[in-house]
There are 2 protein chains.
Amino acid sequence: MGVRSYQQYCAVAKALDVIGDRWTLLIVRELMTSGPSRYTDLLKGLPGIATNLLADRLREMEKSGIVRSWAAPPPVATTLFDLTARGQALRPLLEELGRWGAPMMGVPQISNVFRSHWLVFPFDAYLVDKTPDEPPVKIEVRTGDEPMVIETVDGKVRTRRGAVESPDTVLEGKPGPILGLLSGRLDIAEARQRGLVVHGSQKALRRVVGNWGGAQQV
Amino acid sequence: MGVRSYQQYCAVAKALDVIGDRWTLLIVRELMTSGPSRYTDLLKGLPGIATNLLADRLREMEKSGIVRSWAAPPPVATTLFDLTARGQALRPLLEELGRWGAPMMGVPQISNVFRSHWLVFPFDAYLVDKTPDEPPVKIEVRTGDEPMVIETVDGKVRTRRGAVESPDTVLEGKPGPILGLLSGRLDIAEARQRGLVVHGSQKALRRVVGNWGGAQQV
DNA sequence: CGGCATCCTCTTTGATACTG
DNA sequence: CAGTATCAAAGAGGATGCCG
């Protein structure tokens, strides 16, 4: 088993002893964006992982206290996995990884697979509610395999899976331009040139995009 | 070579493609705490790494743009490595790793090696200057292989290698209790019980330790 | 010395097939 | 559905050699 330790009395090394193995943080990503999940759902959200590796990792993560599993009673009647509090405490780390990785999202390779819910981390890292006293807004994002919703809640911006009845704005197109617009790397004209379709007003967008039409930062 | 990619159009996965290999983030830690370094200095700061792996990683990191190297002219007359701006942008990530890993620093195993400068990340994550308008303070930490200095600069607290002429406070002892005290997990009596010696007043400590004597948090 | 490259062994990963 | 079993390929760890 992959219980190889750096054997260093260092907080960074200790953290990497637990979450530094290949696939581990991507499993955390799945559980964090999807909540309690079945084994097969995890497999679907982790294209490329070998099934034995997923089983190994889940066991190790359970031993190290970041994942727990239990047998759900009927009508679910299956094992469910989710994050413990200690696993949830990895959220700032994943957000920071998403923030650092976002500038490398420019050119989707043909070999790259994509799942809509992976957008949660760059989104939650980039978006802020600039006018939290106004009524809440909802933006629907249509790209990839399922719709996503961006909504303002209690002064924060949350991204989650799902659709919504009457969104203020709908974004439709490929993930590249959507991410470019919401991260501030592209203005709306540039995003449209790259195929983005915006239904509804831009007001909600202006409210949550941190540097609207701003210059890009590293 | 370790150029294995997750092939996912996801910011987290893209980041891990670049910094997810074994040892890579610890090399970043070394360069971030030590500045431009020679190959042999890196080896010393990374006990356990195989020399061929260090050479491999440095090459990969140079290719991916987080490290650069150059031949220093005499009297140094050697290759120097350091972080690019993109590499420096990993600082929040390492701080978050240090923060998440700090609760696991309780029991130093006999097999664990220790270098003083590794304390930088948990320290910088935990310490804040609560009274930035007062004159700056300096705390010297004596543990492990070299002294470290904690100092208040422009409302921030910085930890760095080195000694200082007339510190306000000197902490001397094993790294465990020092880290416990500065992270707020131990109060000063508990730290003393575990062998910590405090020279000088506690005022400077009270000023920078976020939750002085406070209850621990995950 | 400093900065690697080579060789060898062992462990981890990836791909696929199979099972209660 | 939720994994195990099997096996080939890649990566990690350790020792040592080489070259300016």
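Within every chain, numbering begins at 1; the chains are lettered A, B, ... in the order of the sequence lines, protein sequences first and strands thereafter. Below, each value reflects all heavy atoms present in this structure, side chains not excepted, and no hydrogens, waters or symmetry copies.
In terms of position on DNA chain D, the residue among D41(A) and Y6(A) whose nearest nucleotide sits closer to the 5' end is D41(A). Two residues, F81(A) and N52(B), neighbour DNA chain D, and the one matched to the more 5' nucleotide by heavy-atom proximity is F81(A).
The distance between atom CG of L16(B) and atom P of dT13(C), rounded to the nearest whole Å, is 14 Å. When rounded to the nearest whole Å, the span between OH of Y39(B) and P of dA5(C) equals 8 Å. Between the CG atom of L54(A) and the P atom of dA15(C) there is a distance of 14 Å, rounded to whole Å. Atom pair L53(A):CG and dC7(D):P shows a separation of 18 Å (rounding to whole Å applied). Rounded to whole Å, atom P of dT12(C) lies 16 Å from atom CG of D21(B). Across the protein-nucleic acid pair, D17(B) atom CG and dG11(D) atom C1' stand 16 Å apart, rounded to whole Å. Q8(A) places its CD atom 15 Å from the C1' atom of dG13(D), with the value rounded to the nearest Å. To the nearest angstrom, C1' of dG14(D) lies 16 Å from CD of Q7(A).
Nucleic acid contact class of T51(A) (heavy atoms, under 4.0 Å, all strands): base. Note on A50(A): a base of the nucleic acid sits closer than 4.0 angstrom, heavy atoms only.
Put simply, the side chain of R57(A) reaches to within 4.5 Å of the side chain of D21(A), judged on heavy atoms. Using a 4.5 Å heavy-atom threshold, the side chains of S69(B) and E62(B) count as touching. T159(A) places none of its side-chain heavy atoms less than 4.5 Å from the side chain of V141(A).
Judged purely by atom type and a 3.5 angstrom limit, S64(A) has no side-chain atom pairing as donor or acceptor with the backbone of V18(A).
Side chain of R38(A), nearest nucleotide from dC1(D), dG2(C), dA5(C): dC1(D). Taking every side-chain heavy atom of A55(B) into account, dC4(C) is the closest of dG3(D), dG14(C), dC4(C). Of the candidates dT13(C), dG11(D), dG3(D), dG11(D) carries the atom nearest the R57(B) side chain, counting heavy atoms from C-beta on. Nearest to the side-chain atoms of R22(B) among the listed nucleotides dG3(D), dG13(D), dC4(C) stands dG13(D).
Residue W23(B) places at least one side-chain N or O closer than 4.0 Å to OP1 or OP2 of dG13(D). Proximity of R4(B) to the phosphate of dT12(C): no side-chain N or O atom is located under 4.0 Å from OP1 or OP2.
In this structure, R22(A) satisfies the cation-pi test against Y6(B), with its NZ or CZ atom closer than 6.0 Å to the six-membered ring centre and inside 45 degrees of the ring normal.
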